[in-house]
A.B. asks: 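Below you will find the structure I want to go over with you.
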Amino acid sequence: MNISVCIGSACHLKGSYPIITMLKDAISKNGLENDVTVSASFCLGQCSSEGVSVKIDDEIVTGISPENLSELFENRVLKVIKK
Ligand code: FES
């Protein structure tokens, strides 16, 4: 699985870098280094959405913030990988 975090200027201002750091922490805490990669992406074309945009494999998810990141990680990463 690959998670691309948008670092376009709008998302950057909304906090892409803390999101990337938190994702990397969550991945290593769960021992998923071989299963999930985190990368940075240019604008995903969703700048007007609230929060940061991320792309999980082929799906764009918007509105990511430090507050809801753990929920996203749980539902969209852990549950999918453990299947
Ligand atoms: S800057 Fe992130 S979607 Fe455009």
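Since the structure is predicted, the reported quantities are computational estimates derived from the model, not experimental observations. Just so you know, ligand 1 is whichever comes first in the structure, and atom 1 is the first atom listed for that ligand.
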A.B. asks: Let me confirm one number: the CG-CD1 distance from Leu44 to Ile7, rounded to the nearest 0.5 Å.
C.D. replies: 10.0 Å
A.B. asks: Does Glu59 have any salt bridge (charged side-chain N to carboxylate O under 4.0 Å, His left out) partners at least two apart in sequence or in another chain, and if so, which?
C.D. replies: Arg76
A.B. asks: Any chance you could measure Ile19, atom CD1, to Ile64, atom CD1, to the nearest 0.5 Å?
C.D. replies: 7.0 Å
A.B. asks: Counting heavy atoms not belonging to Asp57, are there more than 12 under 6.0 Å from its CG?
C.D. replies: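 Yes - once you tally the heavy atoms of other residues, nucleotides and ligands closer than 6.0 Å, there are more than 12.
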A.B. asks: Is it the case that over 12 heavy atoms from other parts of the model lie below 6.0 angstrom from the CD atom of Glu71?
C.D. replies: no
A.B. asks: Would you say the side chains of Ser53 and Thr62 form a donor-acceptor pair under 3.5 Å?
C.D. replies: no
A.B. asks: Given a threshold of 2.8 Å, state how many protein N/O/S atoms are nearer than that to atom 2 (Fe) of ligand 1.
C.D. replies: 2
